[in-house]
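Remarks on the structure that follows.
Being a predicted model, the structure only gives us computed values, none of them experimental. Every chain is numbered from 1, with letters handed out A, B, ... down the list of sequences.
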Amino acid sequence: MEKRGKGSRGSDRPDLSVAAEIKEKRDAFLQTFFKRGAQLTEELVGENRRLGDQISALEEENAALKTQLASDKAIRDLLRKIDELERDKSRLLSSMHDQAEITTRFTEVESELESFANLYVASYQLHSSLRPRTVMRNLKELLMQLVGVRSLGVYFVEDAERRLVPIASEGVDLALLPPIPLSDYTTDDVTATVVERTYLTGVPHVAEGETLASPAACIPLQLEDRAIGAIVVYTLLGHKKRFVTVDRELFKLLGAHAGGALVAAYLWGKDDAGLPSAEALRQICA
Amino acid sequence: MSPQYSCLVVEDSPMMRQLLVLALSRLKSLRVTEADDGVDGLRKLATGKFDIILTDINMPIMDGLKLVKRVRTDPVHKDVPIIVITTEGSTEDRTRALQLGANAYITKPIQAPQVIAKVKELLKIDA
């Protein structure tokens, strides 16, 4: 203080110089200080911007992750749904397959039932009478009503003459049906050839596919192990285009039973045969 | 299941009758009564109540056409469904039967599923 006072009092020159120096230093310091402050501020602002950018980036990333997470969940849900649908589809396909099988089986059972019903009725009706005329009427009716026959003839063998003789007909005049000789000669008459062959071989002739040609069918009449005649089906009703399985089964039954039913009815009616005695039957059957 | 419906089958041929009865017996809800011809059919109708009638056309004594006509004037059975059974060529009979009031026809040779389907349709039986 004293020194300063002295100096101030002694000469202003050094004081001025010192002040200027101090001022210079102060200015330099302030300049440095502010520059540094500005630099720091800039750095802070930059850092702040950088952090802001980083936050934005992180927020974006976070949002993207959230979206992906949601999307993954949606995909998982969809996959689960697809699985469920696949299972439902398999179940439905399996069920449809079962349904188709049931329908097929049902149709088969229907067909079998119809076949059984027809065979039952045929068998019942063939043996329901011991009058030859009724047996023959039933035989014709079975063929017309169950098969759909329009015209037919029934031939019976004449062993002595070696020929088949027409004994009944429907839809065709009996008088117009010629006897069929059982010879080894060939003939141009297709029907006669088919009937003779059927009688001799015992193998039925039943047209396959559409029944356009006549005869449509020829069935040997069997009595035990021999043929005694034949049923000839000439034509079928217009809407009956072909034979079906039920018809073939019926032909088999008629071939096996109709001859026996006719002969039994004839023998029963002959000379009022009447019932045999129990004793006679016992002796025969024992 | 006890029968809910009563059916009258009018047919002169025992074979056809048996076949029809066999087919119809598969419908457990149906009780079947048989008649030999039109007159016998009328007799059965006079003594019972029927929900459906199946009748042949060609029958002795009284044919199916006359029976249809009579049924349609019978106060008890005038609304009962009637199915006529015809042969292939009898288009005129079929037309006449429908004109007289028959509801449907079946052509011979008859097939059980066809008969059953027609009866179920007319009686509105589901199963």
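Looking at B:L19, the atoms closer than 4.5 Å to chain A (heavy atoms on both sides) sit in the backbone and in the side chain alike. The contact between B:S13 and chain A is made by backbone and side chain atoms together, counting heavy-atom distances below 4.5 Å. Both the backbone and the side chain of A:L142 come within less than 4.5 Å of a heavy atom in chain B. Interface residue A:V147: only backbone heavy atoms are found under 4.5 Å from chain B.
Heavy-atom pairs under 4.5 Å with chain B were tallied for A:E110, A:R150, A:M144, A:R137; the largest tally goes to A:E110. Considering only heavy-atom pairs separated by less than 4.5 Å from chain B, the leading option among A:N118, A:V121, A:V149 is A:V121. If you tally non-hydrogen atom pairs under 4.5 Å between each of B:A23, B:P109, B:P14 and chain A, the highest count goes to B:P109.
For A:Y155 and A:Y199, the ring centers sit 6.0 Å or farther from each other.
Legend: residues meeting side chain to side chain donor-acceptor pair (under 3.5 Å) with A:H205, ordered by chain and number and at least two apart, are absent.
Using a cutoff of 4.0 Å between basic side-chain nitrogens and carboxylate oxygens, A:E210 and A:K241 are not scored as salt-bridged. Comment: B:R43 engages B:D40 in a salt bridge, judged by a side-chain N to carboxylate O separation of less than 4.0 angstrom.
Note on ring orientation: taking the six-membered ring where Trp is involved, the planes of B:F50 and B:H77 are tilted (angle from 30° to 60°).
Side-chain contact annotation: B:Q111 with A:E114, donor-acceptor N/O pair under 3.5 Å absent.
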